[in-house]
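See below for the structure under consideration.
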2 protein chains.
Amino acid sequence: MRSETIENYLKTIYNLSSDNTRVVTNQQLASKLNFNPASVTEALRKLHELKYVVYEKSYGTRLTASGARMAIDIVRRHRIWETYLVKELGFGWDEVHEIAEELEHVKNDKLINKLAELMGNPVYDPHGDPIPDAKGKFQKDKLITLFEARAKGSYRIMGTSDHSVVFLKYLEKHGLIIGASIHVKTVEEVDGSLLITCQKKEIVISQKVASNIICKET
Amino acid sequence: MRSETIENYLKTIYNLSSDNTRVVTNQQLASKLNFNPASVTEALRKLHELKYVVYEKSYGTRLTASGARMAIDIVRRHRIWETYLVKELGFGWDEVHEIAEELEHVKNDKLINKLAELMGNPVYDPHGDPIPDAKGKFQKDKLITLFEARAKGSYRIMGTSDHSVVFLKYLEKHGLIIGASIHVKTVEEVDGSLLITCQKKEIVISQKVASNIICKET
DNA sequence: ATTATCTTTTAGGCATACCAAAATTAATAA
DNA sequence: TTATTAATTTTGGTATGCCTAAAAGATAAT
Ligand SMILES: [Mn+2]
Ligand SMILES: [Mn+2]
Ligand SMILES: [Mn+2]
Ligand SMILES: [Mn+2]
């Protein structure tokens with residue numbers, strides 16, 4: 001199997017299984033990768049043979065230890081490159097994902113570690129996603145979505161789970177950028193919307209938006 | 001055809017044809033790319049259909065204008081990355097070629113131009129090879145090999161045509177690095193060897209070595 | 001428990017990009 | 001010029017990685 005193919009499957013399985021706690025279905029993979037389900041079945045059989053995943057027919061797939069390690073290395077490369085493009089080359093946070101999708105496949109530890117070092121070994125990427133270190137360990141800050149929070153209080157925005165340009169532009173428009181401090185004033189029971197203040201201004205955000213903002217309590 | 005496949009063919013044709021002056025034979029390509037000649041024939045037919053090359057059966061191949069432009073863009077990316085890895089990330093000049101072979105396929109003009117800008121738009125890469133600008137134009141300094149020079153006088157080392165690690169290490173050992181000033185004191189008719197001084201020390205270099213050192217008269 | 005629906009797998013195909021062996025064509029030497 | 005050699009092309013493979021359509025299996029609803 002081509003290394004780039006393997007990497008894209010492992011990365012996607014990883015992203016869909018949130019820390020390898022639940023199995024990933026073929027359909028999830030097919031839709032994420034824009035492949036036909038039949039292609040996914042085939043690929044999973046091969047990845048199972050290669051011992052990167054445990055694929056149980058008609059049930060689901062999870063990463064083995066070695067598959068998870070590979071996935072985390074890819075995630076590290078992806079996020080280091082995104083951070084580098086934004087912080088060192090002046091790209092916007094909404095234009096780096098596509099480039100990183102290519103750069104993440106260049107496998108050279110020294111290169112990634114030098115880039116990381118250059119930036120002071122950052123722990124979050126420009127979208128707020130945590131960057132694993134060279135050993136594959138993540139920063140252990142417990143991050144939650146603003147929707148999960150559902151309580152009055154102060155939070156700091158650490159990232160987003162929706163990385164689409166339209167969403168990022170929306171956040172930017174309202175000053176809801178990474179690092180911003182916000183305060184939740186009221187939680188509307190009817191529709192889950194939140195009244196928050198951010199940089200002195202009051203905004204109402206929908207449950208849908210809230211569920212895509214990653215933050216930590218402050 | 002896969003874009004990376006096309007790019008590797010075009011780049012290799014470009015490198016073998018020295019400025020598109022002579023046609024490239026299938027055999028040259030096969031041996032450079034480590035492919036079977038039959039595979040090369042097939043690929044050239046396709047590249048011809050795509051109008052990247054003019055392939056004349058049983059005679060040879062040369063790049064079209066659009067093929068040459070693509071090749072030069074790849075060469076630019078390759079050499080910008082090599083320069084970046086050496087100048088900004090502290091890699092040795094003998095370890096960057098392999099990495100650049102991968103990075104050169106990431107096609108994003110903004111990325112390459114930002115990297116180039118960051119370094120002050122360098123005109124030579126760490127091996128002394130010229131870097132075309134964003135429009136595909138090369139610096140026009142006439143560079144020759146020390147063997148072609150064959151005359152007493154002063155020169156500056158601008159690069160090498162043999163990029164192997166063993167050759168680069170040899171040069172390094174004798175201080176024959178890029179940018180070094182050397183002076184040719186005698187040319188030995190018998191075997192073409194040269195007696196030169198470099199950083200106050202006298203060295204005899206063989207014709208073989210001389211023919212792989214690229215320099216310009218000073 | 002039976003049916004309807006949704007998911008997964010199987011089966012059969014296709015394009016890409018390579019290969020080895022044989023046939024052809026071109027170049028070189030006798 | 002004719003043989004010999006060398007380069008190229010043709011032919012008939014293989015492995016990858018995707019596809020569609022049909023069959024089988026699992027899940028949910030009545
Ligand atoms: Mn990303
Ligand atoms: Mn990211
Ligand atoms: Mn190189
Ligand atoms: Mn170079």
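All values below were derived from every heavy atom in this structure, side-chain atoms included, with hydrogens, water molecules and symmetry-related copies excluded.
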- Protein-nucleotide distance (B:Leu29, atom CG; D:dT8, atom C1'), rounded to Å: 13 Å
- Note on the structure: A:Phe35 CZ to D:dT16 P, in whole Å, measures 16 Å
- Item | Rounded distance (Å) that lies between atom C1' of C:dA15 and atom NZ of B:Lys46 | 9 Å
- Task: Could you say whether A:Asn34 or B:Gln28 is positioned toward the 5' end of DNA chain D, judged by the nucleotide with the nearest heavy atom to each?
- Result: B:Gln28
- Parallel, tilted or perpendicular for B:Tyr55 and B:His48, by the 30°/60° rule? perpendicular
- Task: Using whole Å, report how far CD of A:Glu49 lies from P of D:dT16.
- Result: 11 Å
- Query: Out of curiosity, A:Thr64 OG1 to A:Tyr52 OH, how far, rounded to the nearest 0.5 Å?
  - Reply: 8.5 Å
Write down the protein N/O and nucleotide N/O pairs, taken from nucleotides 9-12 of chain D, whose separation is under 3.5 Å; answer none if there are no such pairs.
unit_1	atom_1	unit_2	atom_2	d
D:dT9	OP1	B:Tyr55	OH	2.7
D:dT9	OP1	B:Ser58	N	2.6
D:dT9	OP2	B:Asn26	ND2	2.4
D:dT9	OP2	B:Thr41	OG1	3.1
D:dT9	OP2	B:Tyr55	OH	3.1
D:dT10	OP1	B:Lys57	NZ	3.2
D:dT10	OP2	B:Arg45	NH1	2.7

- Run through B:His97, B:His127, B:His105 and flag the one making a ring pair (Phe, Tyr, Trp, His ring centres under 6.0 Å) with B:His78. B:His97
- Query: With ring centroids as reference points, do B:His163 and B:Phe167 lie under 6.0 angstrom apart?
  - Reply: no
- With the side chain counted from C-beta on, respond yes when B:Lys114 and A:Leu85 share a heavy-atom pair under 4.5 Å apart, and no when they do not. no
- Only one of A:Arg76, A:Arg77, A:Lys11 passes salt bridge (Lys or Arg N to Asp or Glu O under 4.0 Å) with A:Glu104, and that residue is A:Lys11
- Ordered by number, residues from residues 5-13 of chain A within less than 4.0 Å of DNA chain D (heavy atoms) are A:Thr5, A:Tyr9
- Between B:Asp125 and B:Thr83, do the side chains contain an N or O donor and an N or O acceptor separated by less than 3.5 Å? no
- Interatomic distance where CD belongs to B:Gln27 and P belongs to C:dA26 [whole Å]: 16 Å
- Write down the atom of B:Ala100, the atom of B:Glu82, and the distance for their closest heavy-atom approach. CB-CG, 3.5 Å
